[in-house]
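Worksheet for the structure shown next.
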2 protein chains.
Amino acid sequence: MMAPSFKEYFHLMDDVSDGRPSGSLPRAVALLRTLAASGGEGMRLTNAAATAGVTPASAHRLLRMLIDEGMVEQDARSKYYRLSIEFFSLAARAGNPSNLRDICRPVLLRLSAALGDTVFLLVRSGFDAVCLDRCEGPVSIRSFTNDIGGKVILGVGQGSMAILAHLPESEREEVIRFNLPRLLHFGLFDEVFFRNEIERVRESGFAARGSGLLPDMAGVAVPILDRERRPLAAISIGTTVERLNAERLPTVVQVLRREAEALAPKINPFDAALRRPGQQVGSY
Amino acid sequence: MMAPSFKEYFHLMDDVSDGRPSGSLPRAVALLRTLAASGGEGMRLTNAAATAGVTPASAHRLLRMLIDEGMVEQDARSKYYRLSIEFFSLAARAGNPSNLRDICRPVLLRLSAALGDTVFLLVRSGFDAVCLDRCEGPVSIRSFTNDIGGKVILGVGQGSMAILAHLPESEREEVIRFNLPRLLHFGLFDEVFFRNEIERVRESGFAARGSGLLPDMAGVAVPILDRERRPLAAISIGTTVERLNAERLPTVVQVLRREAEALAPKINPFDAALRRPGQQVGSY
DNA sequence: GCCATCATTACATATAGCGGAAAAACGGCA
DNA sequence: TGCCGTTTTTCCGCTATATGTAATGATGGC
């Protein structure tokens, strides 16, 4: 089986496949999701309506409402709809739960300057991890969570793995059970390998190298743990395989760990979010 | 009059003051805006309801719907509502209209590496400018648009000014008329100074130094212009006053201009977005 | 352990949202 | 230029959905 392209990968993460939403709010959200999944160019009305599972008439009415609300823009002559910059700006403030990003920013800057690599801040979101912040180092990097706001399946990539591995037993199992099919779908893991990897990370306290999903790319990540040793987030650096050689690795891990430990007490422990089961995650 | 703090500044940019919205979608959006304005900690139901101008019962129902949709999270024990990480992740893709961000990213990286300063990418959004992307340089910087997703009044800061100054006459006038009261509200400008500044920027083709809003901070910005010389975006660097001295300035401007000109033809010209008048902007 | 504040549920009413169908605008293509 | 398929937009009657008031249940502070 072939490894999926980035585009395929991210497409599969979108939960557009809602079965006929009812009520105007769910429909509107379905449209927003659809537009988000459409990429930067936007979508035609008919297409968006079909994808979101809404009649064209409703889609038209709803999209107009959303334009009135400033959440959606429409290209003046092509009629293409897209999410608005204002929507982007509005939601950008959601990427700072309990001021996590603000608190971690200086650390990311320091790490990126000290190590010369790209640094990421990741948090869990359901069965995925989301990149909250990123500081570019001089070395150019490709990564699953390259972009701020980018989503990866929990367990894919070092930062994501660091979070998963440090979840408490029951949650960890729940996530593994949910994610295994998603991962196998890509032919990237078999279960034993995956579970071994998780154990290794949990015991060593950091995730390194990772799965070699991206050739020549390597990374290290450590979790930020609260007093009950629950993972609040992960700090991760992305670099090239050659830069992360055997003699440099321990140093990097130590630097990361020190920063993560210093960070932990500063973070106001926010509770696990309340969520309806089975929502907001892709179904395969 | 005192210069406003960052917090005050950004608070004033939030358009939460909708007069009793009717229909479930406008109410929901009002709640989302309210939560966005509340910062990272989130809000209680009652408070959010009052701020959004909705009865507590409605707020409760709507917020539950939004949680079902994955757009809102609720802290398990404190009951505080906040925008969800998934919402953040969803909207992050709105920050790439016509793939503008993807196209500019390599340039930002190159500039940040070459100049050693922090580089910003800004686009217009109504009467404001929004930061789409940012690459940190080694020198630490404070800026109005520090954060990705951050909003500034069109005309404040170099990047924002570069866009405003290069708008076609009629639009420029419209923006100036709308923004003058907002600017005067902060006691930062008088009209003649503001207009002179705009003229200077328009004629020279770049904005430098700027208004000295932030002590010791300086910046340069150039617009990215399409074939009709309409500003599509602005590239801006932020640095310290001393780093941006008289002898370095011309070099920096030239580097920026060259990149901006090389970028222009790559960008698929997207039309002015269709918007209802008088929406989505703060009223003072 | 009490009281005040806040969160949640119940319910009857009206209204806002719904889809089908028709009309109008658009965009090719010859 | 004129025709036709597609897409967008409007209209309208029906229904379901969203609404506020009011009552109940939970929470937290003193």
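All chains are named by letter (A, B, ...) in the order of the sequence lines, taking the proteins before the strands, and each is independently numbered beginning at 1.
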Rounded distance in Å - [atom1] ([X]) to [atom2] ([N]):
X: B:L25; N: D:dT19; atom1: CG; atom2: P; answer: 10 Å
X: A:L63; N: D:dT7; atom1: CG; atom2: P; answer: 16 Å
X: B:R64; N: C:dT8; atom1: CZ; atom2: C1'; answer: 9 Å
X: A:L62; N: D:dT8; atom1: CG; atom2: P; answer: 15 Å
X: A:L45; N: D:dT9; atom1: CG; atom2: C1'; answer: 9 Å
X: A:Y80; N: D:dT6; atom1: OH; atom2: P; answer: 16 Å
X: B:R61; N: D:dG20; atom1: CZ; atom2: P; answer: 7 Å

Of all the choices, [options], which nucleotide is nearest to the side chain of [X] once you look at every atom?
X: B:Q74; options: C:dT8, D:dT7, C:dC18; result: C:dT8
X: B:R27; options: C:dA7, C:dG19, D:dT19; result: D:dT19
X: B:T46; options: C:dC6, D:dG20, C:dT8; result: C:dC6
X: A:S24; options: C:dT9, D:dT19, C:dG17; result: C:dG17

(message) Within the 4.0 Å limit for protein heavy atoms, which parts of nucleotides 22-30 of chain D are touched? Write it as a string from 5' to 3', B for base, S for sugar-phosphate only, - for none.
(response) ---------

(message) Is it the case that the ring center of A:F88 lies less than 6.0 angstrom away from the ring center of B:F88?
(response) no

Tell me, do [X] and [Y] make a side-chain contact under 4.5 Å, heavy atoms counted?
X: A:H166; Y: A:L225; value: yes
X: A:S98; Y: B:E41; value: no
X: B:R93; Y: A:R82; value: no
X: A:L122; Y: A:V130; value: no
X: A:V152; Y: A:D128; value: no

(message) Quick check on C:dT8: is either OP1 or OP2 less than 4.0 Å from any side-chain nitrogen or oxygen of B:H60?
(response) yes

(request) Could you pick out which residue, A:P56 or B:M65, lies toward the 5' side of DNA chain D when each is mapped onto its nearest nucleotide? (result) A:P56

(request) Give a yes or no on whether a salt bridge exists between B:D147 and A:R105, defined as a side-chain N under 4.0 angstrom from a carboxylate O. (result) yes

(request) Would you please test B:E169 and B:R202 for salt bridge (charged side-chain N to carboxylate O under 4.0 Å, His left out) and show each step? (result) CA-CA 11 Å; B:E169 173 82 28; B:R202 199 167 60 84; 5.9 Å; no

(request) Compute the angle between the rotation axes at the two ends of the helix from C:dG1-D:dC30 to C:dA30-D:dT1, each taken over five pairs, rounded to 10 degrees. (result) 60°

(request) Please state whether the rings of B:F87 and A:F87 are parallel, tilted or perpendicular, taking 30° and 60° as the class boundaries. (result) perpendicular

